[in-house]
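So that the names make sense, note that chain A is the first sequence line, chain B the second, and so on, each numbered from 1.
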Number of protein chains: 2
Amino acid sequence: MHRRLLLLGLLRQHKMHGYQLNEFIERDLSFCAEVKRPTAYYLLEKLAEAGYITEEEEERRGGRPPRRIYRITPRGEAYFLELLRENLRTYRRVTFPGDMGIAFIDALPPHEARELLEERYAQMREMLERIQQISGHAGAPRLVIEHHITHLKAELNWLEEVLASLAQEEESAGEA
Amino acid sequence: MHRRLLLLGLLRQHKMHGYQLNEFIERDLSFCAEVKRPTAYYLLEKLAEAGYITEEEEERRGGRPPRRIYRITPRGEAYFLELLRENLRTYRRVTFPGDMGIAFIDALPPHEARELLEERYAQMREMLERIQQISGHAGAPRLVIEHHITHLKAELNWLEEVLASLAQEEESAGEA
DNA sequence: TTTTCCATGTAACTCGTTACATGATTTC
DNA sequence: GAAATCATGTAACGAGTTACATGGAAAA
């Protein structure tokens with residue numbers, strides 16, 4: 001449902017065609033939204049069938065496929081608000097696939113585990129920097145960026161503690 | 001892949017049948033792992049086909065279906081380590097469906113948005129408390145619990161800021 | 001001249017979930 | 001006597017992704 005919410009929310013701001021919509025999502029929202037192109041086209045079709053948006057063909061010069069311009073309808077606006085309320089109201093639990101590795105971390109010698117997690121750590125830092133750079137960027141909603149920054153900082157903190165405890169294990173193993 | 005990692009990781013510790021495996025996951029790991037029963041059965045079948053685990057039927061008194069006891073094989077052990085290394089090494093980005101609502105929060109009057117988010121906030125607190133209570137619990141891996149606690153606290157902090165900024169908007173709207 | 005951009009769409013597939021089905025045994 | 005427990009399995013569905021297909025126009 002959050003993908004529909006996204007599409008409706010964007011169409012509420014401007015009429016757009018699918019390609020445009022997808023470009024915007026990829027360029028400006030890829031850090032927080034996952035909607036692949038075929039999915040977007042598919043959902044637009046569904047939303048149009050349901051009467052939440054209208055589809056208007058705009059002929060293009062050259063043999064190009066005509067653009068299909070989508071606009072939100074009053075019913076779509078109502079639906080958008082419904083989805084929005086539902087989304088704001090409910091907390092959806094996150095699961096971290098990366099936790100499975102942590103759960104079985106003892107299966108590896110501490111120094112190897114540390115090396116591997118160090119790689120993960122570097123990727124997380126990179127991600128944090130990339131997100132911090134979006135900050136000025138128009139289009140990307142400020143609160144969401146801040147959310148991701150908060151989140152990533154917490155993740156980094158936690159991983160640092162894990163790494164520290166691994167380092168300690170290594171030490172005490174070295175003594176023995 | 002992280003589901004396979006989980007199953008192999010558990011079978012590495014004890015031989016088990018599917019029902020037992022599923023019970024353990026639901027009871028002790030539901031806070032961090034999502035594997036539904038049919039999925040578990042399905043994956044066990046696949047892992048057995050691939051030779052990573054062996055299947056042994058144990059007849060049961062009464063008309064009950066025989067238990068299928070699974071044990072990890074040496075190849076399975078190697079595969080487990082492969083998956084484990086891969087899992088530890090790579091950071092997988094998280095997306096929050098709840099961010100979509102935040103992105104369009106201005107579509108609602110601040111007081112309504114605040115009320116809705118207040119509900120979300122309550123659910124998050126509940127979740128945090130539930131996880132803090134697992135802490136003593138055997139079976140659930142300590143680091144993963146701590147991860148979730150860290151995560152949830154960061155989420156709560158961030159939401160508190162959002163709520164505060166909404167409260168401010170309400171105030172300045174009240175003045176006008 | 002080759003690559004990239006525009007703009008759509010479809011088909012096949014993966015992964016996972018829900019819902020349904022079975023059947024004896026123990027517990028309330 | 002009804003309900004929960006044990007223990008499996010299958011079928012249908014849903015959501016989303018990847019990969020494939022088209023075809024001219026503009027840019028390199």
* Asked: Tell me: CG of B:Asn22 to C1' of D:dA7, nearest whole Å?
  -> 11 Å
* Asked: How would you list, by chain and number, every residue that makes a ring pair (Phe, Tyr, Trp, His ring centres under 6.0 Å) with B:His2, sequence neighbours excluded?
  -> none
* To do: Starting at atom CD of A:Glu58, determine the distance to atom C1' of C:dC6, rounded to an integer number of angstrom.
  => 13 Å
* Mind checking ring pair (Phe, Tyr, Trp, His ring centres under 6.0 Å) for A:Tyr70 and listing every partner two or more places apart, or none if nothing turns up? => none
* Pairing residues for A:Phe80 by the ring pair (Phe, Tyr, Trp, His ring centres under 6.0 Å) criterion, not counting sequence neighbours -> B:Phe104
* Single hit among A:Glu58, A:Glu77, A:Glu56 for salt bridge (charged side-chain N to carboxylate O under 4.0 Å, His left out) with A:Arg71 -> A:Glu56
* To do: Could you list the residues that satisfy side chain to side chain contact (heavy atoms under 4.5 Å, CB included) with B:Pro38, not counting sequence neighbours?
  => B:Lys36
* **Residues which pass salt bridge (charged side-chain N to carboxylate O under 4.0 Å, His left out) with A:Glu26, listed by chain and number, not counting sequence neighbours** => none
* To do: Return the residues of residues 85-101 of chain B meeting this criterion: a heavy atom under 4.0 Å from some atom of DNA chain D. Order them by number, or give none.
  => none
* Hey, could you give me each pair passing side-chain hydrogen bond (donor to acceptor under 3.5 Å, both in side chains) that has a residue in residues 152-165 of chain B? Not counting sequence neighbours. => A:His147-B:Glu155, B:Tyr121-B:Glu160
* Rounded to the nearest Å, what distance is computed from the OH atom of residue A:Tyr41 to the P atom of nucleotide C:dT10? -> 12 Å
* DNA chain C contacts made by residues 5-14 of chain B, counting heavy atoms under 4.0 Å -> none
* Structure fact -> Between CD of B:Glu55 and C1' of D:dA7 the distance, given in whole Å, is 14 Å
* Structure fact -> Nearest heavy-atom approach of A:Ala113 to A:Ile105 is CB-CG1, 3.8 Å
* To do: Taking side chain to side chain contact (heavy atoms under 4.5 Å, CB included) as the test, write out the residues that go with A:Arg89, two or more places apart.
  => A:Arg85, A:Glu86, B:Leu116, B:Glu119
* B:Ile25 CD1 to D:dA7 P: how many Å, rounded? -> 16 Å
* **Given D:dG9, C:dA7, D:dC6, the nucleotide with the shortest approach to the side chain of B:Glu23** => D:dC6
* Asked: What is the distance, rounded to the nearest whole Å, between atom CD of A:Glu26 and atom P of D:dT17?
  -> 11 Å
* What is the distance, rounded to the nearest whole Å, between atom CZ of B:Arg67 and atom C1' of C:dA24? -> 14 Å
* Asked: Side-chain N or O of A:Tyr19 less than 4.0 angstrom from OP1 or OP2 on C:dC6?
  -> yes
* To do: Using five base pairs at each end, measure the axis-to-axis angle across the helix from C:dT1-D:dA28 to C:dC28-D:dG1 and round it to 10 degrees.
  => 30°
* Can you list the residues that meet the ring pair (Phe, Tyr, Trp, His ring centres under 6.0 Å) rule with B:Tyr19, with sequence neighbours excluded? -> none
* Base, backbone or nothing for each nucleotide of nucleotides 12-19 of chain C, written B, S, -, heavy atoms under 4.0 angstrom, 5' to 3'? -> ----SBBB
* To do: On the 0 to 90° scale, with breaks at 30° and 60°, tag the B:His151-A:Phe96 ring pair as parallel, tilted or perpendicular.
  => perpendicular
* Could you tell me whether B:Gln123 atom CD has more than 12 heavy atoms of other residues or ligands within 6.0 Å of it? => yes
* Asked: How about A:Arg93 and A:Thr95: does a side-chain donor come under 3.5 Å of a side-chain acceptor?
  -> no
* **B:Arg27 atom CZ, over 12 foreign heavy atoms within 6.0 Å** => no
* Rounded off to whole Å, could you give me the NE2-to-C1' distance for the A:His17 and C:dC6 pair? => 8 Å
